[in-house]
Asks: 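One structure follows; several queries about it will come next.
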Amino acid sequence: MEIESNFIKTIMEEDLASGKVNGIVTRFPPEPNAYLHIGHARAIITNFELAKHFGGKTNLRFDDTNPVKEDSSFVEAIKEDIKWLGYEPANVFFGSDYFEITYNYAIDLIKKNLAYVCDLNQEQMRDFRGTLTEPGKDSPYRNRSIEENLQLFDEMRNGKYADGEKTLRAKIDMSHPNMNMRDPVLYRIIHITHHNTGDKWCIYPMYDFAHPLQDAIEGVTHSLCSLEYDDHRILYDWVVDNCETPHIPHQYEFGRLNITNTIMSKRYLKQLVDNNLVHGYDDPRMPTLTGLRRRGYTKEAIKSFVLGTGLSRINSTVSSEMLENAVRNDLNFKVKRVSAVLDPLRVVITNYPEGKIEWLDAPYNKDNEELGERKIAFSRNLFIEREDFIEEKPNKKWKRLALGVEVRLMFAYFITCNEVKYDDFGNIVELQCTYDEATKSGSGFDERKPNGTIHFVEATTSKKATFNLFEPLMIDSDSKRDLEERLNPNSWKEMSGFVEKAIENTTALERFQFIRKGYFATDYDSEADSLVFNRICELKSSFN
RNA sequence: UGGGCUAUGGCCAAGUGGUUAAGGCAUCGGACUUUGACUCCGAGAUCGCUAGUUCAAAUCUAGCUAGCCCAGCCA
């Protein structure tokens with residue numbers, strides 16, 4: 001699948017054509033402090049696909065400039081997610097790889113009288129910064145001599161000062177209409193062990209200073225980020241310009257991808273996990289890549305979904321149906337279609353011999369012969385889906401079983417329901433039916449049309465299974481802003497039924513279409529004697 | 001008059017002055033069907049508003065309106 005036309009692709013084409021750049025270099029710069037989600041997938045796919053399209057390359061760069069928040073435990077998880085999506089970075093870098101060179105650039109700025117050490121504390125700095133509509137005031141430390149700044153900054157690096165005691169700030173313009181230009185902090189003091197550099201440093205560069213330099217060092221040509229960094233581009237350019245880096249990268253922003261009934265923010269996802277509202281980051285209901293993977297989504301589906309949503313400078317909210325459609329399209333031809341009964345209702349074929357089991361031929365996927373075929377069992381004792389039976393056929397649109405009605409059991413025979421058995425509470429517990437031997441599947445019988453085709457499973461040979469059915473974890477709401485209020489109490493429904501014998505040896509993440517019930521994937525916790533399947537999504541239906 | 005960004009059918013999104021404004025998702029018809037699936041046909045917008053420029057504008061200009069982002073020593 002090719003990445004379609006979008007404004008960034010157009011910019012790259014123009015830059016290549018004009019000779020502004022000789023090749024395309026992009027990067028995906030996650031901060032190693034959270035699991036990747038489907039929103040990140042857009043950034044990953046965009047960066048890699050664009051570079052690939054133009055024969056360029058993409059680096060993976062962990063943006064680890066804040067040891068307070070970051071942790072190496074996320075590094076491997078992030079690498080794995082990217083690999084799962086099918087991408088291989090040209091290089092794997094860490095922002096912390098560049099601390100020395102970043103430090104030297106800071107010294108250059110001091111020497112050019114473009115940066116100074118400031119003693120204002122956080123609160124004072126806020127006061128001096130002004131507001132959105134009022135200009136700020138210069139820091140009293142703004143005019144220290146270059147020599148003094150050099151010495152102070154050296155002392156900062158050497159650990160002479162406590163956290164927050166001093167900062168290094170760019171000297172730009174305290175009355176600039178863009179708040180980012182009001183002498184932004186370049187370096188702050190943090191006495192914490194960094195996951196990569198240990199205790200070597202106690203001063204750490206801010207994103208706005210580090211990021212453009214990292215891009216410049218790596219030769220990134222098009223540094224893609226989300227819309228909220230638009231305001232920062234002016235600073236990005238200021239850094240690159242004043243540090244006089246040999247290579248000049250450029251930043252381009254695009255909108256975030258949101259999905260209906262899906263929460264993507266790190267904070268909320270963490271809250272869900274921490275409050276045990278889900279079973280961890282790989283809960284099949286989570287929009288994390290690890291969650292989607294467990295749910296059964298394929299990388300191909302995620303890619304076609306992301307590519308299908310396009311790219312623009314709008315924060316878009318796409319319908320979750322589009323994601324579902326992407327998996328259905330991907331799985332439709334490439335997966336086995338087998339029978340599973342999620343909510344079993346016993347059926348006895350009264351005119352079929354006791355004890356006899358017959359094995360009938362059935363293709364795994366009639367639209368993909370490569371998947372081969374298997375035998376399915378038929379006997380006197382069967383299970384059908386409880387919802388496929390109703391006592392009295394309500395209207396002619398009802399295409400399932402009813403009293404006195406004949407339907408086809410897929411890949412088997414026509415059966416007619418003659419009698420319903422109830423328990424003491426009036427619940428239907430069994431159907432007494434008869435079958436017609438002449439209607440055997442594949443026999444070419446066409447003397448009458450059945451009322452419809454339903455699926456079934458043979459009672460003694462089928463395997464017990466648990467089916468996890470999902471609904472959105474969160475429900476979109478205009479009025480309910482609170483996370484807990486929006487939580488969907490029905491997001492996880494467990495059913496227990498049977499699957500046909502043919503798939504008894506399934507292993508984790510194998511995907512199937514359970515005929516008429518949807519696409520499912522075998523769960524990590526599935527075992528031979530207790531199969532567990534997660535529903536990826538339902539089949540489309542024009543039936544209400 | 002703080003600054004920045006955005007505005008194409010229900011949701012995404014092509015389109016960069018000149019055929020009946022691509023495509024996907026959703027929706028509604030209809031055909032087919034051993035999955036009410038798949039597949040196949042068919043249906044919908046004059047492009048936020050207003051005023052201009054032009055033979056010609058979604059595409060250029062101006063004004064207006066609406067929405068989003070920015071006052072972390074987070075990214």
Side-chain angles (χ1 to χ4, degrees), chain A residues 4-7 10 29-31 33 63-66 68-70 95 118 120-122 125-127 129-136 163-169 175-182 184-190 203-204 206-208 210-211 225-234 253 255 257 260 266 304-305 307-326 328-329 332-333 337 339 362 365-367 397-400 407-412 414 439 441-442 450 452-455 513-518 538-544:
Chain A
E4 67 180 68
S5 179
N6 64 57
F7 74 102
T10 302
E31 183 183 17
N33 72 342
D63 210 340
D64 56 351
T65 56
N66 186 351
V68 176
K69 299 170 63 181
E70 295 139 10
C118 183
L120 254 28
N121 64 32
Q122 211 157 159
M125 203 178 286
R126 193 183 319 127
D127 290 340
R129 188 155 34 226
T131 69
L132 293 176
T133 54
E134 301 160 34
D163 290 8
E165 202 174 328
K166 286 182 173 19
T167 57
L168 181 74
R169 295 226 261 164
S175 59
H176 196 107
N178 184 323
M179 301 289 285
N180 294 123
M181 297 295 271
R182 320 246 260 228
V185 171
L186 264 22
Y187 265 91
R188 74 294 213 185
I189 299 169
I190 303 173
I203 55 171
Y204 293 91
M206 297 288 288
Y207 169 89
D208 282 326
H211 207 88
C225 60
S226 49
L227 244 33
E228 65 266 31
Y229 289 98
D230 194 315
D231 281 346
H232 296 248
R233 190 175 58 239
I234 186 171
E253 313 82 25
L257 174 63
T260 55
K266 287 179 186 175
S304 79
F305 165 72
L307 260 17
T309 57
L311 195 68
S312 70
R313 285 181 63 88
I314 291 179
N315 284 320
S316 55
T317 302
V318 179
S319 167
S320 56
E321 289 161 323
M322 204 159 159
L323 216 205
E324 294 191 346
N325 184 266
R328 286 194 208 102
N329 281 341
N332 185 27
F333 298 114
R337 317 213 277 217
S339 292
N365 184 329
K366 71 176 193 304
D367 297 317
K397 291 187 110 181
W398 178 259
K399 296 172 71 175
R400 308 178 184 185
V407 297
R408 181 202 307 275
L409 290 183
M410 201 171 184
F411 301 130
F414 289 11
T439 61
S441 176
T453 299
I454 64 173
H455 63 101
Q513 179 194 116
F514 287 161
I515 292 163
R516 304 204 305 137
K517 302 311 293 180
E538 296 185 61
L539 256 32
K540 265 202 277 192
S541 173
S542 55
F543 179 63
N544 315 325

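What you are looking at is a predicted structure, and each value in this text was computed from that prediction instead of being measured. Throughout, a chain's letter reflects where its sequence line sits, starting with A, and its residues are numbered from 1.
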Asks: Mind pulling the stems RNA chain B is in, i.e. runs of at least three Watson-Crick or G-U pairs, everything under 3.5 Å?
Replies: B:2-7 with B:65-70, B:10-12 with B:23-25, B:27-31 with B:39-43, B:48-52 with B:60-64
Asks: Can you find a donor-acceptor pair, distance only, under 3.5 Å between A:R233 side chain and B:G4 base?
Replies: no
Asks: Regarding B:U34, can its base be found pairing with the side chain of A:S441 as donor and acceptor, where the two atoms are less than 3.5 Å apart?
Replies: yes
Asks: What's the separation between atom OG in A:S339 and atom NZ in A:K517, rounded to the nearest 0.5 Å?
Replies: 11.5 Å
Asks: Send over the distance from A:N6 CG to B:C12 C1', rounded to a whole Å.
Replies: 13 Å
Asks: Which listed nucleotide (B:A22, B:U16, B:G36) is nearest to the side chain of A:F543?
Replies: B:G36
Asks: What about A:D230, does its side chain sit under 3.5 Å from the base of B:G4 through a donor-acceptor pair?
Replies: no
Asks: Protein-nucleotides 8-11 of chain B N/O pairs closer than 3.5 Å?
Replies:
unit_1: B:C11; atom_1: O3'; unit_2: A:T317; atom_2: O; d: 3.3
unit_1: B:C11; atom_1: O2'; unit_2: A:T317; atom_2: O; d: 2.7

Asks: According to the interplanar angle, ranging from 0 to 90°, do the rings of A:Y207 and A:H232 count as parallel (below 30°), tilted (30 to 60°) or perpendicular (above 60°)?
Replies: perpendicular
Asks: Atom CG of A:L539 to atom P of B:U34: distance rounded to whole Å?
Replies: 17 Å
Asks: Check every strand shown and say whether A:G255 touches a base, only sugar-phosphate, or nothing at a heavy-atom separation below 4.0 Å.
Replies: nothing
Asks: For B:C12, take OP1 and OP2 only and decide whether either is under 4.0 Å from a side-chain N or O of A:S312.
Replies: no
Asks: When you measure from the side chain of A:S316 to the backbone of A:V318, do you find a donor-acceptor pair of N or O atoms at a distance under 3.5 Å?
Replies: no
Asks: On a plain distance test, is the side chain of A:R313 in donor-acceptor contact with the base of B:U6 below 3.5 Å?
Replies: no
Asks: Output the rounded distance in Å from CD1 (A:I234) to C1' (B:C69).
Replies: 15 Å
Asks: Using the C1' atoms only, state how far B:A57 lies from B:A51, rounded to an integer number of Å.
Replies: 14 Å
Asks: When the distance from CZ of A:F7 to P of B:C12 is rounded to whole Å, what number comes out?
Replies: 16 Å
Asks: Regarding A:N6 and A:R313, do their side chains bring together a donor and an acceptor under 3.5 Å, going by distance alone?
Replies: no
Asks: For the CZ atom of A:R328 and the NZ atom of A:K540, what is their distance to the nearest 0.5 Å?
Replies: 6.5 Å
Asks: Tell me what A:K517 touches on the nucleic acid: a base, only sugar-phosphate, or nothing, going by heavy atoms under 4.0 Å.
Replies: nothing
Asks: Could you check how far CD1 of A:I515 sits from P of B:U33, rounded to whole Å?
Replies: 18 Å
Asks: Out of curiosity, A:M322 CE to A:S304 OG, how far, rounded to the nearest 0.5 Å?
Replies: 8.5 Å
Asks: Less than 4.5 Å apart, side chain to side chain, heavy atoms only: is that true for A:I203 and A:I190?
Replies: no
Asks: Please find the pair of heavy atoms, one from A:R337 and one from A:D367, that lie closest to each other, and give the distance.
Replies: NH2-OD2, 2.6 Å
Asks: Side chain of A:S5, heavy atoms from C-beta onward: which of B:G15, B:A13, B:A37 has the nearest atom to it?
Replies: B:G15
Asks: Compare the minimum distances between each of B:U34, B:A71, B:C38 and the side chain of A:N332, then state the nucleotide with the smallest one.
Replies: B:C38
Asks: Considering every strand and a 4.0 Å limit on heavy-atom distances, what is the contact class for A:E134: base, sugar-phosphate, or nothing?
Replies: nothing
Asks: Any idea which of B:C68, B:C70, B:U34 is nearest the A:L132 side chain?
Replies: B:C70
Asks: It should be established whether A:R328 places a side-chain nitrogen or oxygen under 4.0 Å from OP1 or OP2 of nucleotide B:A37.
Replies: no
Asks: Given B:U35, B:C12, B:A14, which nucleotide is nearest the side-chain atoms of A:S316?
Replies: B:C12
Asks: Please measure how far the P atom in B:G42 lies from the corresponding atom in B:G23, and state the result in whole Å.
Replies: 11 Å
Asks: Among B:G36, B:C38, B:A13, which is the nearest nucleotide to the side chain of A:E4?
Replies: B:A13
Asks: Separation of A:L311 atom CG from B:U6 atom C1', in whole Å?
Replies: 14 Å
Asks: Nearest to the A:P177 side chain among B:G3, B:A13, B:U35, which nucleotide is it?
Replies: B:G3
Asks: Can you tell me which nucleotide in B:A37, B:G36, B:A14 comes closest to the side chain of A:R337?
Replies: B:A37
Asks: Specify the separation, in whole Å, of atom CZ of A:R400 and atom P of B:U34.
Replies: 17 Å
Asks: Are OP1 or OP2 of B:C38 and a side-chain N or O of A:K540 less than 4.0 angstrom apart?
Replies: yes
Asks: Quick one: pull up CZ in A:R182 and CE in A:M125 and give me the separation to the nearest 0.5 Å.
Replies: 14.0 Å
Asks: Using the purine O4'-C1'-N9-C4 or pyrimidine O4'-C1'-N1-C2 torsion, is B:G44 syn (within 90° of 0) or anti?
Replies: anti
Asks: Starting at CG of A:N315 and ending at C1' of B:C70, how long is that distance when rounded to a whole Å?
Replies: 14 Å
Asks: Which pair of heavy atoms, one from A:Y187 and one from A:M206, lies closest together, and at what distance?
Replies: N-CG, 4.4 Å
Asks: Please give me the minimum heavy-atom distance between A:S441 and A:F411, naming the atom from each residue.
Replies: CB-C, 3.3 Å
Asks: Please write out the pairs of protein N or O atoms and N or O atoms of nucleotides 72-75 of chain B separated by less than 3.5 Å, giving the distance to one decimal.
Replies:
unit_1: B:G72; atom_1: OP2; unit_2: A:R129; atom_2: NH2; d: 3.0
unit_1: B:C73; atom_1: OP1; unit_2: A:R129; atom_2: NH2; d: 3.4
unit_1: B:C73; atom_1: OP2; unit_2: A:R129; atom_2: NH1; d: 3.0
unit_1: B:C73; atom_1: N3; unit_2: A:G164; atom_2: O; d: 3.2
unit_1: B:C73; atom_1: N4; unit_2: A:L120; atom_2: O; d: 2.7
unit_1: B:C73; atom_1: N4; unit_2: A:Q122; atom_2: N; d: 3.3
unit_1: B:C73; atom_1: N4; unit_2: A:G164; atom_2: O; d: 2.9
unit_1: B:C74; atom_1: OP2; unit_2: A:R188; atom_2: NE; d: 3.1
unit_1: B:C74; atom_1: OP2; unit_2: A:R188; atom_2: NH2; d: 3.0
unit_1: B:C74; atom_1: O3'; unit_2: A:N66; atom_2: ND2; d: 3.4
unit_1: B:C74; atom_1: O3'; unit_2: A:R188; atom_2: NH2; d: 3.1
unit_1: B:C74; atom_1: O2'; unit_2: A:N66; atom_2: ND2; d: 3.3
unit_1: B:C74; atom_1: O2'; unit_2: A:K69; atom_2: NZ; d: 2.7
unit_1: B:C74; atom_1: O2; unit_2: A:K69; atom_2: NZ; d: 3.4
unit_1: B:A75; atom_1: OP1; unit_2: A:T65; atom_2: OG1; d: 3.0
unit_1: B:A75; atom_1: OP1; unit_2: A:R188; atom_2: NH1; d: 3.3
unit_1: B:A75; atom_1: OP1; unit_2: A:R188; atom_2: NH2; d: 2.7
unit_1: B:A75; atom_1: OP2; unit_2: A:Y207; atom_2: N; d: 3.1
unit_1: B:A75; atom_1: O3'; unit_2: A:D63; atom_2: OD2; d: 3.1
unit_1: B:A75; atom_1: N6; unit_2: A:H232; atom_2: NE2; d: 3.3
unit_1: B:A75; atom_1: N3; unit_2: A:Y229; atom_2: OH; d: 2.5

